[in-house]
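Take a look at the structure set out below.
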Amino acid sequence: MADPTIQTFCCHHANDTDMAVRIMNEFNTDAYNVVCLTSSALGMIGAIYQILPREQSSVTHRWLSFSATRGRKIIIWLAVADLLGSLGVFARSTLWINYKNIMPAVDDDSSVLFCAISSAWTQYFYTATWMWTLCYAIDMRLILADKKERTKWYHLASWIIPAILTSAGLSILYIPDANCHTATSLSTALLRILPNYFATYLPIAVVMIANPVLYKSSTRDMECLITSSMGQFTSRERDVMDTIKIKFSLINLVFYICWIPNLINGILLWTLWFHLPIKVIITVWYIMAFINPLQALFNSLVYRRWTHV
């Protein structure tokens with residue numbers, strides 16, 4: 001999963017009174033890794049299914065061509081990012097089970113390095129999926145405005161923004177010595193740990209807010225476009241609109257299901273740290289471990305070519 005809490009566990013832990021150590025004493029890491037392996041394997045299957053070439057069927061309305069052409073290009077890149085993100089989760093959990101400690105010891109530099117690299121890999125590619133999800137919604141608006149696709153800008157946003165956010169958040173967290181749990185004051189802890197939470201949760205929140213607005217506007221514009229071009233709104237057009245509304249709603253729902261547990265986890269940690277409900281936090285971690293990598297599998301269902309569109 002892509003979560004800054006797990007990333008802080010990559011830091012050295014110098015004493016047993018650390019809250020992270022107390023949580024890990026009640027945490028079944030083997031069970032957690034098995035959940036990650038299962039969900040990431042399903043996620044990779046869903047991503048590969050999306051990437052595989054398929055026959056493009058014709059569409060009734062010209063302005064729906066995004067589903068078969070332009071939209072398909074974005075979906076493939078979304079699936080590629082999902083595949084690599086799930087692969088990172090799968091590889092990390094496999095090695096954690098067999099070789100490395102999920103929480104490195106004081107002098108275990110190799111585990112710290114592996115944990116940091118695998119966390120950066122997973123964080124980067126899942127952030128890329130969030131950006132491609134946003135680009136898909138933006139492209140829908142451009143199509144209805146009869147504007148050409150912004151492929152170059154989509155790639156710049158979806159690959160460079162995640163690189164900046166991931167490198168900034170994790171660099172502040174780990175450099176120079178990966179001792180992010182040795183902060184001597186609250187202000188120091190906020191300056192070292194909190195930026196990585198912002199780098200992770202800000203793009204999630206942006207997509208959760210922007211995409212429903214974009215899809216709502218696109219649906220309204222599409223209704224106007226159908227009415228103006230046809231001069232009428234028949235049962236055929238109404239069926240098309242109903243299908244599109246359902247599809248857009250499910251795309252939003254999948255994103256919320258997959259990533260809202262991460263936001264809940266962050267809110268609980270930062271508001272209840274001194275009275276942390278450990279069992280609740282661990283439960284949320286299991287939910288994230290199961291749901292986050294399944295985004296690719298769910299996407300393969302909601303982004304597919306629908307019968308009536």
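What you see below is based on every heavy atom in this structure, not just the backbone, and it leaves out hydrogens, waters and symmetry mates.
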Result for side chain to side chain contact (heavy atoms under 4.5 Å, CB included) between Val302 and one of Leu253, Asn252, Ile251 points to Ile251
Centre-to-centre under 6.0 Å for Tyr126 and Trp130, is that the case here? no
Euclidean distance, Trp96 CH2 relative to Tyr32 OH, rounded to 0.5 Å
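Here the interatomic distance stands at 6.0 Å.
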Looking at Leu83, is its backbone amide N or carbonyl O close enough to the side chain of Ser86 to form a donor-acceptor pair, meaning the two atoms are under 3.5 Å apart? no
Over all heavy atoms of both residues, which pair between Gly85 and Thr122 is shortest? Give the atoms and the distance, please.
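That closest heavy-atom pairing would be O-CG2, 4.2 Å.
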query = Got more than 12 heavy atoms from elsewhere within 6.0 Å of CZ, Phe198?
reply = no
Item to complete: May I have all residue pairs that pass side chain to side chain donor-acceptor pair (under 3.5 Å) and include part of residues 37-53, sequence neighbours excluded?
Response: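 Sorted pair list comes back empty.
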Practice problem: Decide yes or no for Arg92 and Phe114: does some side-chain heavy atom of the first lie under 4.5 Å from some side-chain heavy atom of the second? | Solution: yes
Parallel, tilted or perpendicular: ring planes of Tyr215 versus Phe248, cut at 30 and 60 degrees: parallel
Whether Tyr136 and Tyr303 hold their rings parallel, tilted or perpendicular, with breakpoints at 30° and 60°:
perpendicular
Per side chain to side chain donor-acceptor pair (under 3.5 Å), Gln123 is matched among Asn196, Thr166, Thr200 by Thr200
Could you walk me through whether Trp285 and Asn265 pass side chain to side chain donor-acceptor pair (under 3.5 Å), step by step?
CA-CA 8 Å; Trp285 287 355; Asn265 176 66; 3.0 Å; yes
Worksheet item: Just checking, is any N or O donor in the side chain of Tyr201 or Asn262 under 3.5 Å from an acceptor N or O on the other one?
Response: no
May I ask whether Tyr174 and Ile172 are part of the same hydrophobic cluster, defined by side-chain heavy atoms of I, L, V, M, F, W, Y residues being less than 4.5 angstrom apart, directly or through others?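 Cluster IDs for Tyr174 and Ile172 differ.
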